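The structure appears below as structure tokens.
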Protein chains: 2
Amino acid sequence: MNPELRPRAESASKTRLRLWLRLLKLTGRVESDLRRRMRDEHDTTLPRFDVMAALSRHPEGLKMSELSQSLRVSAGNVTGIVDRLTADGLALRVGVPGDRRAQLARLTPKGRAAFEALAALHEGWIDELLGGLDADEAETMIALLERGTAHMEGSE
Amino acid sequence: MNPELRPRAESASKTRLRLWLRLLKLTGRVESDLRRRMRDEHDTTLPRFDVMAALSRHPEGLKMSELSQSLRVSAGNVTGIVDRLTADGLALRVGVPGDRRAQLARLTPKGRAAFEALAALHEGWIDELLGGLDADEAETMIALLERGTAHMEGSE
DNA sequence: GAAAAGTATTTCAAGATTGAAGCTTCAGGC
DNA sequence: GCCTGAAGCTTCAATCTTGAAATACTTTTC
């Protein structure tokens with residue numbers, strides 16, 4: 001444990017940079033595989049899926065601003081994605097009583113059905129793509145990721 | 001080890017899905033922070049930085065196709081990014097003797113200087129953002145990420 | 001050597017993404 | 001009531017991203 005007994009080949013900062021590059025490598029591969037399957041097999045995209053997933057957790061609907069915060073993307077971006085989902089009959093906007101500025105985005109029954117079918121497949125794809133890690137390894141990694149994320153939130 | 005002795009609270013597939021969501025959460029936060037700093041403090045973007053980093057490792061230049069494979073982005077995408085770097089005087093294209101189809105993208109001295117300055121800052125930002133993990137934790141995670149990535153490459 | 005097949009790059013249309021600017025509406029102070 | 005500031009959303013220009021089609025060149029085949 002004493003650093004003098006185990007001289008460092010690299011600084012902590014270099015190790016963290018290496019960690020960052022590995023994180024990018026894995027998430028990039030998983031994401032591009034997911035994108036490809038969504039597009040080729042289901043004619044949709046990852047951002048659309050993300051929006052639908054958020055709406056799916058709130059059957060009563062989510063304000064555009066809540067959607068934007070929850071997904072951590074800009075408000076203008078949400079407008080466009082919901083526009084396209086609406087054009088395809090998967091989502092709709094409903095007014096908020098008492099606040100004529102706001103809109104709730106909500107899944108249509110068609111949107112809900114489409115999402116639920118895709119979500120089941122999605123879970124299977126992730127299971128396959130991350131299949132190199134067993135449940136214990138996954139739990140270890142989740143714990144480390146939470147430590148990492150907590151640190152960022154603390155300094156936000 | 002026998003599942004009957006340690007009943008699972010959730011399936012391996014749910015655990016992996018949870019892992020995936022945590023991975024997205026951490027990398028998303030780090031990325032958006034990096035993007036913001038690149039834009040606000042240095043008037044550039046992450047994709048430009050990535051291209052410059054690849055070119056920086058190959059002072060003699062990289063073919064557009066090599067750049068595309070190395071960064072795992074489409075060829076059309078690389079064209080646009082190199083176009084913009086070139087317009088800013090940070091990169092240039094040189095012909096490949098013996099193959100008039102191909103082009104080498106290469107950093108200009110100005111581009112190299114800009115990249116090196118930014119790379120040093122980048123390492124510091126990563127060190128700060130991932131500071132919630134110490135060197136041992138980072139190494140543990142790197143090992144797990146490599147297992148995960150190796151599994152995907154095996155099935156590619 | 002001419003035709004065919006393959007390779008390197010660019011162009012294009014569509015979508016995703018951002019931040020800034022603009023519009024409408026709401027909430028408080030007066 | 002009216003003004004001011006804030007909030008919610010959309011619009012806009014710029015960049016990033018993809019895959020498909022177009023273009024130009026090279027290599028292989030016969």
Side-chain angles (χ1 to χ4, degrees), chain A residues 24 27-29 31-52 54 61-88 90-105, chain B residues 24 28 31-52 61-88 90-106:
Chain A
L24 280 182
T27 59
R29 304 225 170 175
E31 270 194 19
S32 73
D33 197 281
L34 292 179
R35 278 181 212 282
R36 187 182 49 70
R37 298 203 205 206
M38 297 246 172
R39 186 187 57 253
D40 293 350
E41 301 168 24
H42 304 277
D43 200 36
T44 190
T45 65
L46 213 35
R48 287 164 67 109
F49 180 78
D50 291 340
V51 167
M52 293 176 83
L62 272 179
K63 289 201 294 183
M64 300 298 277
S65 52
E66 292 170 334
L67 211 36
S68 163
Q69 287 163 15
S70 148
L71 300 175
R72 297 178 65 82
V73 302
S74 69
N77 192 0
V78 170
T79 294
I81 297 171
V82 172
D83 281 351
R84 287 181 283 271
L85 288 174
T86 299
D88 291 345
L90 302 172
L92 52 80
R93 286 175 169 93
V94 301
V96 174
D99 190 343
R100 278 184 296 175
R101 294 169 304 178
Q103 305 254 62
L104 288 183
Chain B
L24 281 182
E31 270 194 19
S32 71
D33 197 282
L34 292 179
R35 278 181 212 283
R36 188 181 49 70
R37 298 204 205 206
M38 297 245 174
R39 186 186 59 253
D40 294 351
E41 301 169 22
H42 304 277
D43 201 36
T44 190
T45 66
L46 215 34
R48 287 165 68 110
F49 181 77
D50 292 341
V51 167
M52 292 177 85
L62 273 179
K63 288 202 297 184
M64 299 299 278
S65 52
E66 293 170 333
L67 211 36
S68 163
Q69 287 163 15
S70 147
L71 299 176
R72 298 180 65 82
V73 302
S74 69
N77 192 0
V78 170
T79 294
I81 298 172
V82 172
D83 281 352
R84 286 180 284 272
L85 288 175
T86 299
D88 290 345
L90 301 172
L92 50 82
R93 287 174 167 91
V94 301
V96 174
D99 190 343
R100 277 185 298 174
R101 294 169 305 180
Q103 305 253 64
L104 289 182
R106 183 183 293 176

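In what follows, chains carry the letters A, B, and so on, assigned in the order in which the sequence lines appear, proteins first and then strands, with residues in each chain numbered from 1. Just so it is clear, the structure is predicted and the values come from calculations on it, not from any experiment.
- Looking at B:Thr86, its side chain does come within 3.5 Å of a backbone N or O of B:Val82 through a donor-acceptor pair.
- Using a 4.5 Å heavy-atom cutoff, the side chains of B:Thr45 and B:Met38 are not in contact.
- The closest side-chain heavy-atom distance from B:Val51 to B:Val78 is not below 4.5 Å.
- Between A:Arg29 and A:Asp33, none of the side-chain N atoms (NZ, or NE/NH1/NH2) sits under 4.0 Å from a carboxylate O, so this pair counts as no salt bridge.
- Summarising the geometry of A:Ala105 relative to A:Met64, their closest heavy-atom pair is CB-SD, 4.1 Å, with the distance given to 0.1 Å.
- Between A:Glu31 atom CD and C:dT17 atom P the separation is 9 Å, expressed in whole Å.
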Enumerate the protein-to-nucleotides 5-7 of chain D contacts in which both atoms are nitrogen or oxygen and the separation is below 3.5 Å.
| from | atom 1 | to | atom 2 | distance (Å) |
| --- | --- | --- | --- | --- |
| D:dA7 | O4' | A:Arg101 | NH1 | 3.4 |
| D:dA7 | N3 | A:Arg101 | NH1 | 3.2 |

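- The salt bridge (charged side-chain N to carboxylate O under 4.0 Å, His left out) check on B:Asp88 picks up B:Arg48, with sequence neighbours excluded.
- Separating the CG atom of A:Leu104 from the P atom of D:dG8 is a distance of 12 Å, rounded to the nearest angstrom.
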Which pairs, protein N/O on one side and nucleotides 16-22 of chain D N/O on the other, fall under 3.5 Å?
| from | atom 1 | to | atom 2 | distance (Å) |
| --- | --- | --- | --- | --- |
| D:dC16 | OP1 | B:Thr45 | OG1 | 2.6 |
| D:dC16 | OP2 | B:Arg84 | NE | 2.4 |
| D:dC16 | OP2 | B:Arg84 | NH2 | 2.6 |
| D:dT17 | OP2 | B:Asn77 | ND2 | 3.2 |
| D:dT17 | O5' | B:Asn77 | ND2 | 3.0 |
| D:dT18 | OP2 | B:Ser74 | N | 2.7 |
| D:dT18 | OP2 | B:Ser74 | OG | 3.2 |
| D:dT18 | OP2 | B:Asn77 | ND2 | 3.2 |
| D:dG19 | OP1 | A:Arg39 | NH2 | 2.9 |

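- Across all strands, A:Asp83 comes closer than 4.0 Å to no nucleic acid atom at all (heavy-atom distances).
- Remark: P of D:dA24 and CE of B:Met64 are 17 Å apart, rounded to the nearest angstrom.
- Under 4.0 angstrom from either OP1 or OP2 of D:dC9 there lies at least one side-chain N or O belonging to A:Ser65.
- Counting heavy atoms from C-beta outward, A:Arg35 and A:Pro47 have side chains that approach closer than 4.5 Å.
- By the neighbour-count criterion of 12 heavy atoms within 6.0 Å, atom CG of B:Asp40 is densely surrounded, having more than that number from other residues, nucleotides or ligands.
- The side chain of B:Arg100 sits closest to D:dT26 out of D:dC9, D:dT26, D:dT10.
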